[in-house]
Amino acid sequence: MKTYCEIIFELERQLSRMKDVSDSVTEQMEYAIGHCKIALENLRELVIEKGFPDHQSEIKFFKQIKPAAYGKLLFYRLVFNIESKRKNADISVSRRYLQKCLYKIDEYMDEYHVKVQYYRCGFKHLDEQYFLRDNSEIPLELKNSRQLLDEKFFTWHDHTFSVIMANEMLADYIHEEIEKLEYPRMTHIKRSKPTHYWSGKKIDLAEMAYALHYARLVDNGKTSIRELADLIGGLFGIELGKDIYRLHTEIQQRKIDRTKFLEFLQSVLRQRLDDDDK
């Protein structure tokens, strides 16, 4: 019998073949949706048959493993709907529609900002309340919803985490599609193997990239932030581009020291210059 992780690994293997199935995005999404459904059904059968040895194993499953499959299912469904609706639309109509989709994502993330923070910060203090099935604190309206018809395969917030994951993936996808419309000749930057590697945090590099972008210091501001992030990431051997929009959100949500990395660089440089003057 396969383990939970083996089911997820098999799903990832199948999804890696998605672009080999067809050149059509909608057909690729149908393929992905089908395999996500198979993985979720296999996970459900294993949960019902095998269960969990302890609460920590159950929490890990509903906090990480199930959302890894369910979040992708939601994401691929959303992409399928978007691509079906904007098929054959001209550039201006397509751009407006994608921007509207981004606005809806932002609305959801703002409405559930407490749960988004819990997810992004890796908090654990409410895990037993959020990710155990036998929980008397689950609101009555949720217990009566369709999502909880199968109470053996549902917890209070595994669905919420899955939606957050799907929204983050969808935001990245939409930003890429908008850039393809705006910069059709530069949809991908090929990078040679880097000889130097970034030894700091990815978010620090993102902070520097946004500073350069907003100051219009690269190509007089004509280079998009995604292109700039790909360029900088390629220089230091780090995948920065695919996370650049999410990292902007994290920087923007800082309550204090929003530009703490740039301030750190400034203090280091100033200290070194002062030391050299002595």
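The structure presented is a predicted model; accordingly, all values stated were derived computationally and were not measured. The first residue of the sequence shown is numbered 1, and numbering continues consecutively from there. When reading the values below, keep in mind they use all heavy atoms of this one structure, side chains included, and skip hydrogens, waters and symmetry mates.
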Compare every heavy atom of [Y] with every heavy atom of [X], then report the nearest pair and how far apart it is.
| X | Y | value |
| --- | --- | --- |
| Glu239 | Asp243 | O-OD2, 3.8 Å |
| Ser24 | Ser22 | N-OG, 2.9 Å |
| Leu228 | Ala209 | CD2-O, 3.5 Å |
| Arg44 | Phe153 | CA-CE1, 3.4 Å |
| Gln252 | Arg258 | O-NH2, 2.8 Å |
| Glu207 | Leu262 | OE2-N, 3.0 Å |

Ring-ring centroid check Phe131 Phe161, cutoff 6.0 Å = yes
Residues forming a side-chain contact (heavy atoms from CB on, under 4.5 Å) with [X], sequence neighbours excluded:
| X | result |
| --- | --- |
| Asp172 | Tyr245 |
| Met165 | Pro67, Tyr119 |
| Met169 | Lys72, Phe75 |

How about [atom1] on [X], more than 12 heavy atoms from neighbouring residues, nucleotides or ligands closer than 6.0 Å, or not?
| X | atom1 | answer |
| --- | --- | --- |
| Asp23 | CG | no |
| Tyr108 | OH | yes |
| Ile91 | CD1 | no |

Exercise: do Asp54 and Ser57 side chains pair donor with acceptor under 3.5 Å | yes
Strictly by modelled atom types, are Tyr4 and Gln64 linked by a side-chain donor-acceptor pair under 3.5 Å?
-> no
For His125, all residues meeting ring-ring contact (aromatic ring centres under 6.0 Å, His included), sequence neighbours excluded | Tyr118, Phe123
With Phe236 via ring-ring contact (aromatic ring centres under 6.0 Å, His included) - residues at least two apart = Trp198
State yes or no: do Ile38 and Leu74 share one hydrophobic cluster built from I, L, V, M, F, W and Y residues joined by side-chain heavy-atom distances below 4.5 Å, directly or via other members?
-> no
What about Phe9 and Leu43, same hydrophobic cluster or not, with Ile/Leu/Val/Met/Phe/Trp/Tyr joined at side-chain heavy-atom distances under 4.5 Å?
-> no
Do any N or O atoms from the side chain of Gln129 and from the backbone of Leu126 form a donor-acceptor pair under 3.5 angstrom?
-> no
Do any N or O atoms from the side chain of Gln14 and from the backbone of Ala32 form a donor-acceptor pair under 3.5 angstrom?
-> no
Enter the distance from [X]:[atom1] to [Y]:[atom2] here, rounded to the nearest 0.5 Å.
| X | Y | atom1 | atom2 | answer |
| --- | --- | --- | --- | --- |
| Asn167 | Leu78 | CG | CG | 7.0 Å |
| Leu212 | Leu231 | CG | CG | 10.5 Å |
| Leu170 | Ile105 | CG | CD1 | 4.0 Å |
| Thr26 | Glu83 | OG1 | CD | 8.0 Å |
| Arg272 | Asp276 | CZ | CG | 5.0 Å |
| Gln266 | Thr259 | CD | OG1 | 8.5 Å |

Go through the structure and list residues passing salt bridge (charged side-chain N to carboxylate O under 4.0 Å, His left out) with Arg216, not counting sequence neighbours.
-> none
Sequence neighbours left out, what passes salt bridge (charged side-chain N to carboxylate O under 4.0 Å, His left out) with Asp204? Give chain and number order.
-> none
Give every donor-acceptor pair under 3.5 Å between a side-chain atom in residues 93-101 and any protein atom, sequence neighbours left out.
| residue | atom | partner | partner atom | Å |
| --- | --- | --- | --- | --- |
| Ser94 | OG | Arg86 | NH1 | 2.7 |

Tell me, do [X] and [Y] make a side-chain contact under 4.5 Å, heavy atoms counted?
| X | Y | answer |
| --- | --- | --- |
| Leu73 | Ile33 | yes |
| Ile82 | Ile174 | yes |
| Val116 | Thr249 | no |
| Val47 | Phe61 | yes |
| Arg120 | Gln253 | yes |
| Leu205 | Met208 | yes |
| Leu235 | His196 | no |
| Lys202 | Ile238 | yes |

Are Glu263 and Lys260 close enough for a salt bridge, meaning some N to O gap below 4.0 Å?
-> no
For the residue pair His159 and Tyr70, does the interplanar ring angle fall in the parallel (under 30°), tilted (30 to 60°) or perpendicular (over 60°) class?
-> tilted
Glu177/Lys180 under salt bridge (charged side-chain N to carboxylate O under 4.0 Å, His left out): CA gap, chis, key distance, verdict = CA-CA 5 Å; Glu177 291 303 304; Lys180 287 178 184 178; 3.1 Å; yes
Distance under 6.0 Å and angle within 45° of the ring axis: does Lys66 meet both against Phe62?
-> no
Residues Ile59, Leu132; criterion side-chain contact (heavy atoms from CB on, under 4.5 Å); working and verdict = CA-CA 6 Å; Ile59 288 170; Leu132 291 178; 3.7 Å; yes
Partner of Ile7 under side-chain contact (heavy atoms from CB on, under 4.5 Å), picked from Leu40, Leu46, Ile65, is Leu46
Is there a salt bridge (charged side-chain N to carboxylate O under 4.0 Å, His left out) between Asp274 and Arg270 once you walk through the steps?
-> CA-CA 6 Å; Asp274 290 344; Arg270 184 183 291 114; 5.7 Å; no
So which pairs with a foot in residues 204-228 pass ring pair (Phe, Tyr, Trp, His ring centres under 6.0 Å), sequence neighbours left out?
-> Tyr210-Tyr214, Tyr210-His248
Ring pair (Phe, Tyr, Trp, His ring centres under 6.0 Å) partners of residues 31-50, not counting sequence neighbours, each pair once | Tyr31-His35
Is there a salt bridge (charged side-chain N to carboxylate O under 4.0 Å, His left out) between Glu107 and Lys104 once you walk through the steps?
-> CA-CA 5 Å; Glu107 276 191 323; Lys104 289 181 178 179; over 6 Å; no
With sequence neighbours left out, the residues meeting side-chain hydrogen bond (donor to acceptor under 3.5 Å, both in side chains) with Glu250 are Arg246
With sequence neighbours excluded, residues passing side-chain hydrogen bond (donor to acceptor under 3.5 Å, both in side chains) with Glu30 | none
Test side-chain contact (heavy atoms from CB on, under 4.5 Å) applied to Tyr76 and Leu15, step by step = CA-CA 11 Å; Tyr76 292 127; Leu15 294 178; 3.7 Å; yes
